[in-house]
Protein chains: 2
Amino acid sequence: MFKALADPTRRAILDELTERNGQTLFEICGRLSARHGLGSSRQAISQHLDVLQAAGLVETRREGRYKFHHINTAPLEPIVARWLSKAGTDDGDGAGSGGRDGT
Amino acid sequence: MFKALADPTRRAILDELTERNGQTLFEICGRLSARHGLGSSRQAISQHLDVLQAAGLVETRREGRYKFHHINTAPLEPIVARWLSKAGTDDGDGAGSGGRDGT
DNA sequence: ACGTTATGCAAGTAGCTACTTGCCTGTCAA
DNA sequence: TTGACAGGCAAGTAGCTACTTGCATAACGT
């Protein structure tokens, strides 16, 4: 899921779907090159959408020869909370376990 | 920054620092192999820490021959809110702009 | 039926990324 | 000072990832 967010093009796609949910592949293609200045081909976008769908961030709805893509922000919420929840246990020692390397 | 989160080892490091902030490189090494079952070498972890530091997720404090690593969750908050804030503008059309490919 | 439109699948390629290996610098203890 | 400890730098390698190219399939309009 994090790997899906690692790519700038995929983040731009999410930006696009946030602005206008339920777009087709061709519309995403056009808007990406027009509004984000990305010159990716149709297949590239299609593969990106596959990755986003596999990550659960995008859901698709088939309708005739069109395929609409909808953003799903549900998986985004717990991922960061995992590190935000704690992260107040400052220590300062940390030097008592030397000698392990694994090589 | 997203690329820093894309790697499982780096996420494990963040987990470790969340549990015990201010660890040294060697302690992180030992705890990763002990608690997370990761057999990464010292240099590998060092490079991961460099990436996390470049992403602003980890800050370091030098003290003698020790170097303590502290997690910084500040950059994590706005990244997801970017897509969570809107994402209610469902549309449904989206087929009116065919013909653009860019190739 | 026929051409067009919208999308899908698969193989191949180039660039990136994580990891290793080897050596070096600085710090602490005796 | 000497040896051990903690960490750093740099080059090389293997696997992954994004992208391209080419063809195939299904729905729609006429």
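Residue numbers start from 1 in every chain, and the chains themselves are labelled A, B, ... in the order their sequence lines are given, proteins ahead of strands.
In terms of modelled atom types and a separation under 3.5 Å, the side chain of A:Arg11 and the main chain of A:Leu5 share a donor-acceptor contact. In this structure, the side chain of A:Thr18 engages the main chain of A:Leu14 through a donor-acceptor pair within 3.5 Å.
Closest-nucleotide positions on DNA chain C for A:Lys67 and B:Ala44 were compared, and the one nearer the 5' end corresponds to A:Lys67.
Here the side chains of A:Lys67 and A:Thr24 are not in contact, with every heavy-atom distance at 4.5 Å or above. By the 4.5 Å heavy-atom criterion applied to side chains, A:Asp7 and A:His48 are counted as neighbours. A:Val80 is not listed as a side-chain neighbour of B:Glu77, based on a closest heavy-atom distance of 4.5 Å or more. When side chains are defined from C-beta on, A:Leu49 does not count as touching A:Thr60, because their heavy atoms never get closer than 4.5 Å. Taking 4.5 Å as the limit, some side-chain heavy atom of A:Cys29 sits within range of a side-chain heavy atom of A:Ile45.
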Any N/O pairs under 3.5 Å between the protein and nucleotides 22-30 of chain C? List them or say none.
residue: C:dG22; atom: O6; partner: B:Gln43; partner atom: NE2; Å: 3.4

Could you write out each protein N or O paired with an N or O of nucleotides 14-18 of chain C at a distance under 3.5 Å?
residue: C:dT17; atom: OP1; partner: B:Lys3; partner atom: NZ; Å: 2.8
residue: C:dA18; atom: OP1; partner: B:Arg10; partner atom: NH1; Å: 3.3
residue: C:dA18; atom: OP1; partner: B:Arg10; partner atom: NH2; Å: 2.5

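Between the C1' atom of D:dA27 and the CG atom of A:Leu25 lies a distance of 16 Å, rounded to the nearest Å. Between the P atom of D:dT20 and the CG atom of A:Asp50 lies a distance of 15 Å, rounded to the nearest Å. Distance, A:Gln23 CD to C:dA6 C1': 15 Å, rounded to whole Å. Atom CD1 of A:Ile45 is separated from atom C1' of D:dC19 by 11 Å (rounded to the nearest Å). One can place CG of A:Leu49 at 15 Å from C1' of D:dC19, the figure rounded to the nearest angstrom. One interatomic measurement links the two molecules: CG of A:Leu32 to C1' of D:dC19, which rounds to 15 Å at whole-angstrom precision.
The phosphate of D:dT20 has OP1 or OP2 within less than 4.0 Å of a side-chain N or O from A:Ser41.
A salt bridge does not link B:Asp15 to B:Arg35: none of the charged nitrogens lies less than 4.0 Å from a carboxylate oxygen.
Comparing C:dG8, D:dT20, D:dG8 against the side chain of B:Ser46 picks out D:dG8 as the nearest.
A donor-acceptor contact closer than 3.5 angstrom is absent between the side chains of B:Glu59 and B:Gln53.
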